[in-house]
Every structure is written in structure tokens, then in C-alpha cells.
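Every value quoted in this text rests on a predicted model; they were computed, and no experiment measured them. Every chain is numbered from 1 and lettered A, B, ... according to where its sequence line falls, protein lines coming before strand lines.
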There are 2 protein chains.
Amino acid sequence: MPVTLRDVARHAGVSVRTVSNVANDFPHVAPGTRARVQRSIDQLGYRINPAARGLRTGRTGVLGLMVPKLSQPYFAELADETVQAAADAGLALMVEQTEGRREAERSWLRPGGMARMWDGAIVSPLGITGSDLAERLGCPVVLLGEHAADLRAPWVGGDNVAAAVAAVEHLIALGHSEIAAIGAQRGAGGETGRERTKGFRLAMSDAGLPVRKGRVVEPVSFDAAGGAAAVRTLLASRRPPTALMCFNDELAYGALAALAQAHISVPDEVSVIGWDDLRGNEFTVPALTSVRVPKAVVAREAVRLLLSLLGQPSGTEPAPVRIVIDHHITERASTGPAA
Amino acid sequence: MPVTLRDVARHAGVSVRTVSNVANDFPHVAPGTRARVQRSIDQLGYRINPAARGLRTGRTGVLGLMVPKLSQPYFAELADETVQAAADAGLALMVEQTEGRREAERSWLRPGGMARMWDGAIVSPLGITGSDLAERLGCPVVLLGEHAADLRAPWVGGDNVAAAVAAVEHLIALGHSEIAAIGAQRGAGGETGRERTKGFRLAMSDAGLPVRKGRVVEPVSFDAAGGAAAVRTLLASRRPPTALMCFNDELAYGALAALAQAHISVPDEVSVIGWDDLRGNEFTVPALTSVRVPKAVVAREAVRLLLSLLGQPSGTEPAPVRIVIDHHITERASTGPAA
DNA sequence: CGCCGAGTTTGCATCGTTGCATGCAACGAT
DNA sequence: ATCGTTGCATGCAACGATGCAAACTCGGCG
């Protein structure tokens with residue numbers, strides 16, 4: 001029932017190959033012929049059959065995006081931007097959720113997994129290791145900033161250390177000296193947390209400020225619940241901090257909730273800064289100051305980098321390009337002068 | 001370079017067709033043969049080539065999900081559940097964003113659009129009309145609850161009127177009588193808002209309560225900004241309400257923010273109820289009571305319904321099945337007894 | 001002992017497209 | 001007039017899988 005090249009060819013009185021040339025905008029087609037064939041294409045409503053083209057060319061026209069979980073706002077916003085960036089490049093995007101399971105990340109990327117359906121994959125890894133990536137992969141892969149700092153592979157992201165320094169400097173400039181960091185993470189997958197912690201300590205020591213015991217908190221979970229719990233612990237300590245630097249906005253949301261519950265005013269008594277600059281930050285109470293690494297730019301660069309990898313012959317070890325995206329602090333109402 | 005059926009056949013000493021039979025779990029393969037072939041498959045790492053299969057069978061193994069925007073938490077959570085539901089059915093999922101543009105919804109579904117790449121589509125429509133759906137589509141379509149009430153097509157969603165009634169009854173049971181509704185919408189795409197408004201008015205009149213002028217607010221936008229603006233308007237009115245029913249949680253987020261800014265305590269002075277039961281509701285300040293239509297169930301039923309449509313011969317007018325998912329009220333801290 | 005049929009296995013054609021190599025016409029240069 | 005050369009257009013053969021129908025195997029039965 002669907003219209004094929006053959007149908008169009010018959011209709012336009014040319015060969016199948018010529019129709020293909022027109023449909024693909026190949027050069028070396030006479031203007032007159034092109035117009036006539038194009039007319040037939042439009043008239044019959046012909047569209048390229050992606051399966052057949054894919055079979056012939058080995059390309060699918062589809063990119064994969066692997067994120068831990070779409071319902072986390074950060075990844076939802078990232079997916080939003082990536083879908084758009086892919087569409088701008090004329091590619092479709094399939095989204096997979098790994099839930100942070102290393103095995104899922106690994107198996108999907110292997111030649112037998114989903115990667116088979118993709119020309120390339122953009123991966124926001126949590127559990128995957130360098131050796132997993134050294135295995136033969138089903139398609140070229142670009143890693144995104146989260147937890148991928150030490151993997152030798154093409155990579156796009158922000159500079160965690162420098163951005164953490166900027167965040168702390170923002171708080172110090174407001175007069176804070178008793179600052180806590182929420183979001184450190186031991187063990188595998190904790191690279192991001194470690195880098196941000198490093199930046200935190202660096203900025204503190206550069207300012208000549210001590211980092212008191214217990215001021216670097218590893219939350220029980222990296223969501224609002226974890227942030228809230230961390231704040232309750234900090235409030236119970238001998239000398240509670242006057243400023244909190246949360247390693248992601250969801251932690252900060254939980255922090256705000258716990259502070260509100262404890263009737264502690266933000267930012268009058270405690271300042272809070274988050275990280276990711278989520279859309280919702282504008283409407284937390286109070287609106288949340290946050291570290292911003294523009295997701296649209298990350299997505300666009302990731303697609304661009306991936307497309308450039310596609311040009312290279314497969315099997316070639318891809319150069320471990322690292323594209324660093326500028327960060328800055330989006331100031332809102334949750335940070336203010338120290339009391 | 002990739003392993004094909006032919007490679008496996010040679011390796012196992014059987015015909016290509018038999019390998020295909022094993023790979024697809026067809027009956028009528030002798031157990032011994034099956035085991036031997038399976039061993040070869042595993043050993044060589046053979047995987048079905050989806051493009052080739054797709055070309056032959058006409059199926060792609062991919063479902064499409066069309067939502068207005070992934071960065072809206074509601075659609076992100078819905079996409080999360082839908083990806084999972086599709087995976088459970090052995091299908092991949094491609095996500096497209098329509099930004100609510102009718103033309104995008106329409107063109108992607110037409111035979112020439114993305115639908116070409118999909119076995120079926122799950123669509124959360126905003127602008128699409130009944131006549132658009134009556135056109136020849138590129139694949140079977142299941143509509144989701146939002147704004148699709150009056151379209152003749154297979155549909156999965158909650159009962160907006162009944163759920164709105166339940167929400168209002170919850171507020172009335174707490175002693176509220178001065179209740180406002182935020183989220184009405186005139187014009188195309190406003191069906192959801194109209195139904196929820198209908199439920200609101202119905203519950204009020206059933207309780208013998210008047211709906212005062214200006215108490216049904218059409219927000220400037222359906223996000224937190226719109227909710228905040230609506231609340232500011234309501235607060236400026238002669239007799240401000242003591243309870244707010246917001247037609248989605250993002251509106252409610254904005255409402256909470258505006259109330260906090262006005263130093264009005266929730267729920268002591270004003271109660272707020274939202275709709276969608278977003279993950280983040282647990283950590284708003286205070287935690288947001290919300291109408292819940294379980295997204296996991298919606299997604300699962302939508303995939304199930306879509307798969308059942310795939311069985312029917314194309315061209316057949318699909319029966320306009322409507323699957324209604326139960327709602328209930330998730331009570332949290334933002335609703336309380338009237339002052 | 002040969003035939004039957006259920007249970008297995010196979011060969012062939014084909015899905016719609018593009019890579020490749022070649023055909024063909026027209027034109028300018030020799 | 002002839003020979004490249006360039007620019008268009010074409011035919012054929014794949015890509016890797018599955019639908020179809022035929023063929024084979026073998027135990028059981030007339």
C-alpha cells in the first residue's frame with residue numbers, strides 16, 4: 001500500500017535510481033528532471049522507507065539517549081534539549097532509562113543491545129566503567145558530564161571543580177564562612193561528587209576558611225529526601241552552618257523543605273545554592289540560586305560531537321575529545337548576606 | 001562485520017531459515033537442533049538486524065510517544081512510565097515533542113511523518129482535532145487523557161469530572177466554602193480545563209455552595225508563573241478564597257510560591273490542592289496534596305491498547321475504546337481545616 | 001513392504017533502497 | 001570529423017531477514 005520508489009519512477013517516467021537521487025537531493029540531476037520527479041513524489045506522497053534505507057546503508061537515522069531516569073527533572077530537561085538537538089540534525093532520538101544500573105548501561109551499548117538500532121549514543125553514565133567502554137561497542141558513544149570525568153571517551157560537560165569553586169565564592173562573597181556541602185559520594189559513580197567536593201574544599205582553603213568536621217555530607221539519596229535528611233543532621237550539629245551548597249537542585253529542594261519545617265528562614269538565617277538550574281527553581285520558596293551549565297549547549301555539542309564521530313571509520317579508537325561548557329551562577333532569592 | 005543469519009547457519013550446519021526459526025522462538029524446531037543453533041547464536045554473538053526484519057515484516061519494533069514537552073515534569077514522569085511499559089512489551093520507544101503545536105502533532109502522525117518509523121503512537125495531544133485524526137494516519141494511535149476527551153479515537157485517561165468533584169469534596173469536607181479553581185481554559189485544547197471546571201461547579205452546587213465571580217481563573221500560562229499570577233489576582237479580590245484547587249501541580253507550585261511571598265500560611269490560612277501527583281510534591285513547602293491518576297497504569301494500559309490495535313488490519317476504523325483509570329486524592333500537608 | 005502424515009527442515013523469492021559501474025548524449029577542443 | 005570530457009540517467013546486485021510452499025524424515029499402519 002505505501003508508495004515506493006518504483007511507483008514514483010513509473011509515474012514520472014524515469015528510473016528508480018533517478019527518483020532516489022531526487023529524493024536524496026543528490027547533485028547531477030538535471031533541473032527539469034528534478035522538478036518533474038519532485039512533482040510526482042509530492043503527488044503520490046512518497047516517503048523514504050527508513051527500514052529499507054537502513055538495511056542498505058547500515059545507518060538508522062536514530063540516536064540513542066541513555067539517562068538514569070526521565071522522571072528526574074534534570075534528565076527530563078536534558079532529554080528535552082537532546083531531542084531538539086537531534087531533530088535539528090535530522091535525526092530521531094530514542095530514550096532509554098538505565099536506573100543507574102551498570103549492567104543496563106553496559107549491555108545496551110554492546111553490539112547486541114539497543115546500540116544496534118542506533119547510529120550513535122549519548123550516555124549519561126552512572127555505573128559504567130572505563131573497561132566497559134573499552135569493550136567493543138555497538139555504536140559510537142559520547143558521554144555526558146555526570147560521573148564520567150575519568151572515562152577515556154569523547155565527553156561533553158561542565159568543569160565541576162571550577163563551578164564548585166564559583167558557587168562557594170558566591171557564598172563567601174555574601175559573607176558566609178560556615179558553609180556545608182551536601183552531595184559527596186564515596187565509591188563507584190561518585191566522581192561528580194568528588195570533583196565538586198574538591199572544588200568546595202579548594203575554594204574554602206583559598207579563602208582561608210576551615211572545613212569543619214561533618215560539613216561535607218554524603219546524603220542517603222540524591223533527591224529531595226536525601227537533602228532534607230542531610231539538613232536535619234546538620235541542624236543537629238554543634239555549630240550549624242549558615243550556608244548550604246547542594247550538589248544538585250533536588251537535594252536543595254529537600255534542604256529548603258527541611259529548613260522550612262524547622263522554621264529557619266531562607267535566606268535570612270541560612271543561604272542555599274543548588275546545581276543544575278532546573279526550570280522549577282524559579283518557583284521554589286524562596287526561588288533557588290543555582291549553578292548553571294546550559295543543558296541546551298551540552299545537548300547541541302554532544303550531538304555535534306557524535307555526528308563527527310560517525311564520519312570516522314568504525315573500529316577506529318575515537319580521540320578522547322573533551323568539550324567543556326561554561327558554567328555560571330544563576331542568582332535567585334535563596335542566597336543572601338550572612339546574618 | 002556484524003554476524004548475520006548466514007554466518008550462524010554455516011557455523012551450525014543448518015539452513016538460514018532454521019536459524020531464523022530458532023532466533024524467533026518458532027515452534028516446530030527439534031529440541032536438539034534448537035540447542036545446537038542456539039549455541040552457535042550465543043557463540044557468534046548473533047543479533048537480529050532490526051532494519052532487515054523491519055523491511056521484510058513492515059514492523060519496526062518501535063513505538064512513538066508524542067508529548068508537548070519533556071521538561072514539564074508531568075510529561076517526564078509519563079514518559080518514564082511509558083518507556084518502561086514499552087520495554088516490558090519488548091518494544092523500544094521514541095519520544096517526540098510537539099510543544100503543543102497542532103501542526104507538529106498532525107504532520108508527525110501523517111503517513112509521511114515520524115509515524116512511518118513507528119508501529120504505533122501514544123499521543124498526548126494539545127492542539128490536534130478530530131478531523132486531523134480522521135485523516136489517514138501513518139500508524140495506529142492511542143490518545144492520552146489530556147485534552148482528548150472529545151476525540152473519537154482509542155483513549156486512556158482519568159475521569160476529569162469525577163476527579164474534580166472528589167478534589168472539591170475533599171476541600172469541602174475540611175470545612176472550606178470559599179474555593180477557587182485555577183486552570184480553566186477557553187478555546188481549542190481546553191477540554192481538560194473545561195471538564196475539571198465542570199466537576200468543580202458540580203461539586204460546589206451539590207454542596208449548596210455558590211461559585212463567586214472571579215473564582216474560576218484562567219491562568220496566563222499553565223505553569224508555576226501562571227499559578228502565581230492567578231493567586232495574586234485572587235488575593236487582590238474583595239473576598240479572597242480560603243482554598244485553591246489547581247488543575248495541575250505546576251500551577252499549584254506557583255500558587256504556593258505566591259502565597260509564601262504574601263506571607264499567607266498554607267494550610268492554616270489557605271489550602272491548596274494540585275493535580276498530577278508529581279514526584280516533587282512531597283518536597284514542596286508545604287508538601288502538596290494532589291489528585292492522582294496513576295501514570296504507570298495509564299502508560300501500561302495505553303501500550304496494551306495500542307498493541308491490541310496492531311493486531312487489527314490497517315485501514316479498519318479502530319473502535320473508539322475508552323479506558324478510564326481510577327483517580328484518588330493523595331493527601332499531604334497543603335490542605336487543612338478551614339480557619 | 002510401501003504409503004501416509006505429522007513433524008522438521010529447506011530453498012527461493014522478496015521487502016525498498018542505495019552503491020557501483022556503465023551507458024548515453026551533447027559539447028568543446030583538436 | 002573525431003576524440004575526450006563532462007553531466008545525466010540507468011540497470012543490476014546487493015543489504016539481512018521472513019513468508020511461502022515444497023521437501024525431507026521417520027514412525028506407524030494398512
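Within residues 49-56 of chain A, the residues that place at least one heavy atom under 4.0 Å from DNA chain D are, in residue-number order, A:Leu55, A:Arg56.
Two residues are said to be in side-chain contact when any heavy atoms from C-beta on lie closer than 4.5 Å; B:Pro2 and B:Arg47 fail this criterion. Side-chain contact between B:Pro50 and A:Arg116 is present, with at least one heavy-atom pair separated by less than 4.5 Å. With contacts defined as side-chain heavy-atom distances shorter than 4.5 Å, the pair A:Val156/A:Val142 qualifies.
Residue pairs meeting the salt bridge (Lys or Arg N to Asp or Glu O under 4.0 Å) criterion with at least one member in residues 9-31 of chain B, sequence neighbours excluded, are B:Asp7-B:Arg10. Identified under the salt bridge (Lys or Arg N to Asp or Glu O under 4.0 Å) test for residues 50-70 of chain B, with sequence neighbours left out: A:Asp80-B:Lys69, B:Lys69-B:Glu99.
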Restricting both atoms to N or O, compile the protein contacts to nucleotides 20-26 of chain D shorter than 3.5 Å, with distance only.
unit_1, atom_1, unit_2, atom_2, d
D:dC20, N4, B:Arg17, NE, 3.4

Under 3.5 Å, which N/O atoms of the protein pair with N/O atoms of nucleotides 6-9 of chain C?
unit_1, atom_1, unit_2, atom_2, d
C:dT9, OP1, B:Thr33, OG1, 2.5
C:dT9, OP2, B:Ala30, N, 2.9

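Using a 4.0 Å cut-off, no side-chain N or O of B:Thr57 falls inside it from OP1 or OP2 of D:dT18.
One atom, CZ of B:Arg59, and another, P of D:dG19, lie 11 Å apart when rounded to the nearest Å. Rounded to whole Å, atom C1' of D:dG16 lies 15 Å from atom CE of A:Met117. Spacing between atom CZ of A:Arg116 and atom C1' of D:dA17 amounts to 11 Å, rounded to whole angstrom units. Protein atom CG of A:Asp25 is 15 Å distant from nucleotide atom C1' of C:dT18, rounded to whole Å. In this structure, B:Asp7 atom CG and D:dA17 atom C1' are separated by 13 Å, rounded to whole Å. For the pair B:Leu44 CG and D:dG16 P, the computed distance is 15 Å after rounding to whole Å.
A donor-acceptor pair under 3.5 Å is absent between the side-chain atoms of A:Thr82 and the main chain of A:Ala299, judged by distance alone.
B:Arg304 is linked by a salt bridge (Lys or Arg N to Asp or Glu O under 4.0 Å) to B:Glu301, counting only residues two or more places apart in sequence or in another chain. With sequence neighbours excluded, no residue satisfies side-chain hydrogen bond (donor to acceptor under 3.5 Å, both in side chains) with B:Thr98. B:Gln72 pairs by the side-chain hydrogen bond (donor to acceptor under 3.5 Å, both in side chains) definition with nothing, not counting sequence neighbours. Qualifying salt bridge (Lys or Arg N to Asp or Glu O under 4.0 Å) partners for A:Arg300, counting only residues two or more places apart in sequence or in other chains: none.
In this structure, CG in B:Leu143 is found 10.5 Å from CG in B:Leu306, a value given to the nearest 0.5 Å. Between the NE2 atom of B:His28 and the CG atom of B:Asn21 there is a distance of 9.5 Å, given to the nearest 0.5 Å. If you take CG on A:Leu5 and CD1 on A:Ile48, they are separated by 7.5 Å, rounding to the nearest 0.5 Å.
Helical stems of DNA chain C (runs of at least 3 Watson-Crick or G-U pairs, donor-acceptor distances under 3.5 Å) are listed by first residue: C:1-30 with D:1-30.
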Take nucleotides 22-28 of chain C nucleotide by nucleotide from the 5' end and write B, S or -, depending on whether a protein heavy atom sits under 4.0 Å from the base, only from the sugar-phosphate, or from neither.
-> -------
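The number of heavy atoms from other shown groups lying within 6.0 Å of CG (B:Asp88) is above 12.
Nearest to the side chain of B:Tyr46, among C:dT17, D:dA17, C:dT18, sits D:dA17.
A salt bridge between B:Glu81 and B:Lys295 is absent, with no side-chain N of the basic residue lying under 4.0 Å from a carboxylate O of the acidic one.
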Hey, can you pull the donor-acceptor pairs under 3.5 Å for the side chains in residues 36-43 of chain A, sequence neighbours left out?
unit_1, atom_1, unit_2, atom_2, d
A:Arg36, NH1, A:Ala12, O, 2.7
A:Gln38, NE2, A:Asp42, OD1, 3.1
A:Ser40, OG, A:His11, ND1, 2.8

